[in-house]
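Structure, as structure tokens:
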Amino acid sequence: MDFPLQLIPNPKEDRIPPVYVPEIGSNLEFVYGIDELKNSLYLLLKTIKGRFLQNINLGTTAVPHTVEDEFVESAVVRCCEQIQGCSCESVGYIDDFIVVRVIYQGRVEEFSFSVASL
């Protein structure tokens, strides 16, 4: 998977004149390594299967805030498996966040994603 760009919304963009804050904004930021892995996983979890133009087989079959926990866990595992060399060790919930523990390139990483953002 190759999603090296991260878009960061700038809450100050709605002001006139526009205010630029370094490292915050709709400017593109390149991310690599573990940050790129987290970005790739986030995009897969956020995008319904069939909506990626590059490959309609990528994405998720679940919407986390509308289905049962077991189905979401299964969908998260399937998203992790779409990333080459990535496997899911566990999926859990803490408050309004999905916590995903993955093994990637021999390292264990843990990511959390807000349910509201998916």
Side-chain angles (χ1 to χ4, degrees):
M1 308 248 351
D2 189 19
F3 299 118
L5 297 177
Q6 181 176 5
L7 296 174
I8 301 175
N10 188 346
K12 297 188 176 193
E13 285 182 345
D14 59 354
R15 298 201 178 128
I16 300 174
V19 177
Y20 173 74
V21 177
E23 298 183 14
I24 299 177
S26 58
N27 55 320
L28 299 177
E29 292 185 11
F30 288 96
V31 293
Y32 303 98
I34 296 305
D35 290 331
E36 184 177 1
L37 173 63
K38 182 178 182 180
N39 193 40
S40 297
L41 186 53
Y42 175 72
L43 287 172
L44 289 172
L45 291 170
K46 187 171 180 66
T47 305
I48 301 298
K49 194 170 191 171
R51 300 240 172 125
F52 273 112
L53 294 177
Q54 298 88 343
N55 185 342
I56 61 170
N57 295 317
L58 296 177
T60 186
T61 57
V63 180
H65 58 278
T66 61
V67 297
E68 295 186 22
D69 294 348
E70 295 82 20
F71 185 69
V72 172
E73 290 173 22
S74 174
V76 170
V77 169
R78 288 193 305 271
C79 281
C80 290
E81 291 170 350
Q82 293 175 33
I83 300 173
Q84 186 175 8
C86 184
S87 62
C88 186
E89 190 173 86
S90 67
V91 178
Y93 286 94
I94 296 178
D95 298 324
D96 292 334
F97 289 85
I98 293 177
V99 179
V100 182
R101 190 174 175 93
V102 299
I103 300 173
Y104 183 71
Q105 297 180 343
R107 294 173 49 185
V108 177
E109 299 290 336
E110 189 170 283
F111 304 120
S112 63
F113 303 99
S114 166
V115 172
S117 74
L118 300 176

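Computed from a predicted model, the values in this text were never measured in an experiment. Numbers here simply count residues along the sequence, with the first being 1. In what follows, every heavy atom counts, from backbone to side chain, and hydrogens, waters and symmetry copies are set aside.
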Where do Y42 and S117 come nearest, in terms of heavy atoms and distance? OH-O, 3.3 Å
How would you list, by chain and number, every residue that makes a side-chain hydrogen bond (donor to acceptor under 3.5 Å, both in side chains) with R101, sequence neighbours excluded? E89, E110
What pairs meet the salt bridge (Lys or Arg N to Asp or Glu O under 4.0 Å) rule with one or both residues in residues 44-61, with sequence neighbours excluded? none
Should we count CG of D95 as having more than 12 external heavy atoms under 6.0 Å? no
Where N57 and N55 come nearest, the two heavy atoms and their spacing: N-OD1, 2.9 Å
For a 4.5 angstrom cut-off between non-hydrogen side-chain atoms, does L58 reach T47? no
Rounded to the nearest 0.5 angstrom, the SG-CZ distance for C88 and R78 is 11.5 Å
Are V76 and F97 linked, directly or through intermediate hydrophobic residues, by side-chain heavy-atom contacts shorter than 4.5 Å (ILVMFWY only)? no
A side-chain contact here means heavy atoms from C-beta on lying under 4.5 Å apart; do V91 and V72 qualify? no
I want to check something: taking the side chain as every heavy atom from C-beta on, are C80 and V100 in contact at a cut-off of under 4.5 Å? yes
Any donor-acceptor N/O pair, Y104 side chain to I34 backbone, under 3.5 Å: no
Can you confirm whether F111 sits close enough to V99 that some side-chain heavy atom of one is under 4.5 Å from a side-chain heavy atom of the other? no
Under 4.5 Å between any side-chain heavy atoms of T60 and L44, yes or no? no
Are any non-hydrogen side-chain atoms of L37 and V102 less than 4.5 angstrom apart? yes
Could you grab the distance from atom CD of Q84 to atom OG of S40, nearest 0.5 Å is fine? 12.0 Å
